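Here the structure is a predicted model, which is why all the values come from computation and not from measurement.
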Amino acid sequence: MSRIVVFAPHPDDETLGCGGSIAQHTAAGRRVSLVFLTSGEQGVDGVLAGEAGRLREREAEGAAGKLRVPARDLHFLHLPDGGLDPGSEDQFLAVLRLLRHLRPAVVYLPHAADASHDHQQAFRLVWRALEKGASRSYPAAGARHWVGTVLGYEVWSPLAAPSYLHTLDPPDVAAKEAALACYVTQVKGQGEADYASGGGLALARFRGAMTSGGHREAFAALRVACLHWQPGCLHSP
């Protein structure tokens, strides 16, 4: 099976949105690449942007290890935190080049209406690259490639009507929780959002409680050529 690629606006979004799914994929021997559009350099209180970005990249490396994603499959694009722009040719080409280079079968990205400006801009930026991936346009960005399956994950805004729910086994939940614990700069004070700890499992627990029990991650199925990990898929490993 070709690889799976997860696009994250900032370090921690990959774990919050689909960390359990990532852990399940890697445990099954599937290759997962994590692409961090920004390094979240504006997201550490009292720390200058350059050092904050380095701190969060190190946290992302630790979290990836908990999800069994090796360092060779981490990609930091260093686009500006708070400045993602789907209309920027430079940003678009950075994503398109990497997409054509990695040639994934499946892409995860934030869903279109996630309630964060950077997440919405990340969706538009990556979607623009996905739309042009198989086009004859931009030949200098690499050989054309079509991504058949694209799933939108939820972080800040629960999907009103998820079109795909992925069941997590206990080891997947444990890996997701361990990965979240790596993001120590994102543990907030009293009265602030609490998601880089046990709170980050709340949405997956809710999705499980409302359906089959346990924990599940919810997605918007934006393209579905094949869910390669499902029995009966012609391309299942």
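Val69 is listed as a side-chain neighbour of Leu74, based on a closest heavy-atom distance under 4.5 Å. Side-chain contact check for Tyr153 versus Pro110: some heavy-atom pair is nearer than 4.5 Å. Counting heavy atoms from C-beta outward, Thr149 and Val107 have side chains that stay 4.5 Å or more apart.
Taking every heavy atom of both residues into account, His145 and Arg103 meet most closely at NE2-C, 3.2 Å. When all heavy atoms of Ser21 and His166 are compared, the pair lying nearest together is OG-CD2, 3.5 Å. Pairing each heavy atom of Leu201 with each of Lys176, the nearest pair is CD2-CD, 3.7 Å. The two residues Ala63 and Glu14 come nearest to each other via the heavy atoms CB-OE2, 4.4 Å. Between Ser163 and Ala221, the shortest heavy-atom distance links the atoms OG-N, 2.6 Å.
When atom types are taken as modelled, the side chain of Gln121 and the backbone of Leu84 share a donor-acceptor pair closer than 3.5 angstrom. For Thr38 (side chain) and Gly40 (main-chain N/O), a donor-acceptor pair under 3.5 Å exists by modelled atom type. Put simply, the side chain of His111 never gets that close to the backbone of Leu151: no donor and acceptor are under 3.5 Å apart. Formation of a donor-acceptor pair under 3.5 Å by the Asp114 side chain with backbone atoms of His119 is not found in this model. In this structure, Arg31 contributes its side chain and Ile4 its backbone to no donor-acceptor pair below 3.5 Å. Between the side chain of Arg68 and the backbone N or O of Ala23, at least one donor-acceptor pair lies under 3.5 Å. Not a single donor-acceptor pair under 3.5 Å links the side chain of Thr15 to the backbone N or O of Ala179.
To the nearest 0.5 Å, atoms CD (Glu217) and CG (Leu16) are separated by 9.5 Å. Separation of atoms CZ (Phe92) and CZ (Arg97) is listed at 10.0 Å; rounding is to 0.5 Å. Taking CG from Asp169 and CD from Gln24, the interatomic distance works out to 5.0 Å, rounded to the nearest 0.5 Å. Here Ser135 contributes atom OG and Leu130 contributes atom CG; the two are 13.0 Å apart, rounded to the nearest 0.5 Å.
Side chains of Tyr108 and His25: a donor on one and an acceptor on the other come within 3.5 Å. No side-chain donor from either of Ser39 and Arg56 sits under 3.5 Å from a side-chain acceptor of the other. Side-chain contact check for Asp85 and Gln91: no donor-acceptor pair (N or O, by modelled atom type) lies under 3.5 Å. At a cut-off of 3.5 Å, with distance as the only test, a side-chain donor of Thr211 or Arg216 sits close to an acceptor on the other residue.
Taking hydrophobic clusters as Ile, Leu, Val, Met, Phe, Trp and Tyr residues chained together by side-chain heavy-atom distances below 4.5 Å, Trp146 does not share a cluster with Leu99. In the hydrophobic clustering of this structure, Leu109 does not group with Leu34; members are Ile, Leu, Val, Met, Phe, Trp, Tyr whose side-chain heavy atoms approach within less than 4.5 Å, directly or through other members. Taken together through direct or relayed side-chain contacts under 4.5 Å among Ile, Leu, Val, Met, Phe, Trp and Tyr, Leu222 and Tyr164 form parts of separate hydrophobic clusters.
Val44 belongs to a hydrophobic cluster whose remaining members, ordered by chain and number, are Val47, Leu55; membership requires side-chain heavy atoms of ILVMFWY residues under 4.5 Å apart, directly or through intermediates.
Under a 4.0 Å N-O distance rule, the pair Lys66/Glu59 does not qualify as a salt bridge. For the pair Glu41 and Arg54, the salt-bridge criterion is not met [side-chain N within less than 4.0 Å of a carboxylate O].
Relative orientation of the Phe76 and Phe36 rings is parallel, given thresholds of 30° and 60° on the angle between their planes.
Remark: of the listed residues Asp172, Ile22, Val6, Ile22 is the sole one forming a side-chain contact (heavy atoms from CB on, under 4.5 Å) with Leu67.
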Salt bridge (charged side-chain N to carboxylate O under 4.0 Å, His left out) assessment of Glu89 paired with Lys132: CA-CA 13 Å; Glu89 201 74 357; Lys132 289 296 184 182; over 6 Å; no
